[in-house]
Amino acid sequence: MSEDATARSDSPGSPDAGEVRLAEVEPRWNISPSQPVIAVIAASGSPAGALTRKLVWLRWGLVPPWAKSQPAGRGLVNARAETVASKPSFRSAFAARRCILPADGFYEWQVTEDVAGRRTKNPYYARAPGGDLLALAAVWEEPNGPVGAPLGSCAVITAPANAALAQVHDRMPVLLPSASWARWLAPEPLDEASHRELLRPAPDGLLVVEQVSTEVNNPRADGPSLIRAAGT
DNA sequence: CCAGACGTTGTT
DNA sequence: GTCTGG
DNA sequence: CCAGACGTTGTT
DNA sequence: GTCTGG
């Protein structure tokens with residue numbers, strides 16, 4: 001699966017790499033792993049009970065804190081809601097560095113086999129019916145190496161697909177309702193009850209899911225036409 | 001004890 | 001850093 | 001996530 | 001098949 005979200009994203013400038021300057025953000029329609037995404041995190045030093053937030057650029061593909069630097073691969077793109085609290089790669093991030101990736105929607109791929117046994121990958125775009133931004137739950141890490149990796153990194157948390165998406169794929173990103181944003185972003189461990197309450201599949205009816213052109217299968221393709229429903 | 005993995009998705 | 005496997 | 005590349009010595 | 005790049 002992939003949360004190739006249509007967050008508004010662009011390459012950060014060298015100075016202030018992690019700082020988001022909204023006026024310079026360009027819209028994106030095909031964000032894939034390894035690329036910068038905009039994340040909402042708790043501002044450091046915000047007092048408990050008076051959380052302040054800030055926007056930062058993170059690279060999609062979490063690099064665990066014990067890794068010396070950016071690994072060869074793409075990093076850890078997803079973390080399962082069922083295991084994110086205990087896996088060594090995510091445990092510390094889940095305890096102290098939860099974040100939200102704002103996105104207008106996300107893609108999921110339906111893999112099917114035709115009669116000849118060939119696999120086809122058909123993309124679907126999921127979004128809120130009213131056009132509201134979605135809040136994708138994620139965890140993040142600070143950059144590890146001394147120099148060379150200016151951005152932090154993040155992994156999207158997934159849960160079992162809800163009914164709206166189950167026909168397309170068996171997993172989906174965890175989507176957080178606004179009422180839970182503050183609790184999710186607070187930089188301290190989540191109690192077990194909150195963990196179970198927040199990290200579950202989105203309610204059915206939250207999303208409209210439409211098939212889109214396989215044009216989006218090319219990671220270099222971008223533009224508003226990618227989210228146009230197929231056949232329209 | 002030390003060495004080596006540490007993640008997911010999807011595919012076989 | 002921490003857990004798992006040998 | 002998907003798409004596309006994947007390699008070196010030595011020869012033309 | 002597997003890795004890299006986007």
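By convention in this document, chain letters (A, B, ...) are assigned in the order of the sequence lines, proteins followed by strands, and residues within each chain are numbered from 1.
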Expressed in whole Å, how much space separates the [atom1] atoms belonging to [N] and [M]?
N: D/dT12; M: B/dA3; atom1: C1'; value: 50 Å
N: C/dG1; M: B/dT8; atom1: P; value: 23 Å
N: D/dC2; M: B/dT9; atom1: C1'; value: 12 Å

Extract all donor-acceptor atom pairs below 3.5 Å that involve side chains of residues 134-141 of chain A and protein atoms in other chains or at least two apart in sequence.
| residue | atom | partner | partner atom | Å |
| --- | --- | --- | --- | --- |
| A/Glu141 | OE1 | A/Arg97 | NH2 | 3.2 |
| A/Glu141 | OE2 | A/Ser92 | OG | 3.4 |
| A/Glu141 | OE2 | A/Arg97 | NH2 | 2.9 |

Between [options], which nucleotide has the shortest distance from any of its atoms to the side chain of [X]?
X: A/Lys87; options: B/dT12, B/dG7, B/dT9; result: B/dG7
X: A/Asn78; options: B/dT11, B/dG7, B/dT9; result: B/dT9
X: A/Pro219; options: D/dA3, B/dC6, B/dG7; result: D/dA3

* To do: For A/Ser92, report the nucleic acid contact type (base, sugar-phosphate, nothing); a contact means any heavy atom under 4.0 Å.
  => nothing

* Indicate, with a heavy-atom threshold strictly under 4.0 Å, whether A/Ser89 touches base, sugar-phosphate, or nothing. =>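 Counting heavy atoms under 4.0 Å across all strands, the contact made by A/Ser89 is with sugar-phosphate only.
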
* Strictly by modelled atom types, are A/Asp104 and A/Trp29 linked by a side-chain donor-acceptor pair under 3.5 Å? ->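 Side-chain D/A pair, A/Asp104 to A/Trp29: absent.
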
* Would you say the side chains of A/Arg171 and A/Thr158 form a donor-acceptor pair under 3.5 Å? -> yes

Under the side-chain contact (heavy atoms from CB on, under 4.5 Å) test, residues paired with [X] that sit two or more places apart:
X: A/Gln110; result: A/Thr112, A/Tyr124, A/Val168
X: A/Ala229; result: A/Glu210, A/Thr232
X: A/Ala202; result: A/Asn162, A/Met172, A/Leu175, A/Leu206
X: A/Pro177; result: A/Ser180

* Tell me, please, the opening and closing nucleotides of DNA chain C, 5' to 3', among those with an atom under 4.0 angstrom from a non-hydrogen atom of chain A. =>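 With heavy atoms of chain A under 4.0 Å away, the range is C/dG1 to C/dC3.
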
* Asked: Name the stems that DNA chain B belongs to, where each is three or more consecutive Watson-Crick or G-U pairs with both distances under 3.5 Å?
  -> B:1-6 with C:1-6

* Asked: Which residues pass the side chain to side chain donor-acceptor pair (under 3.5 Å) test with A/Glu142, sequence neighbours left out?
  ->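 Once residues adjacent in sequence are excluded, A/Glu142 has no partner under the side chain to side chain donor-acceptor pair (under 3.5 Å) criterion.
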
* To do: Could you tell me whether the phosphate oxygens of D/dA3, OP1 or OP2, come under 4.0 Å of any side-chain nitrogen or oxygen in A/Arg220?
  => no

* To do: For A/Arg196, check salt bridge (Lys or Arg N to Asp or Glu O under 4.0 Å) against everything at least two apart and list the hits.
  =>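 A/Glu192.
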
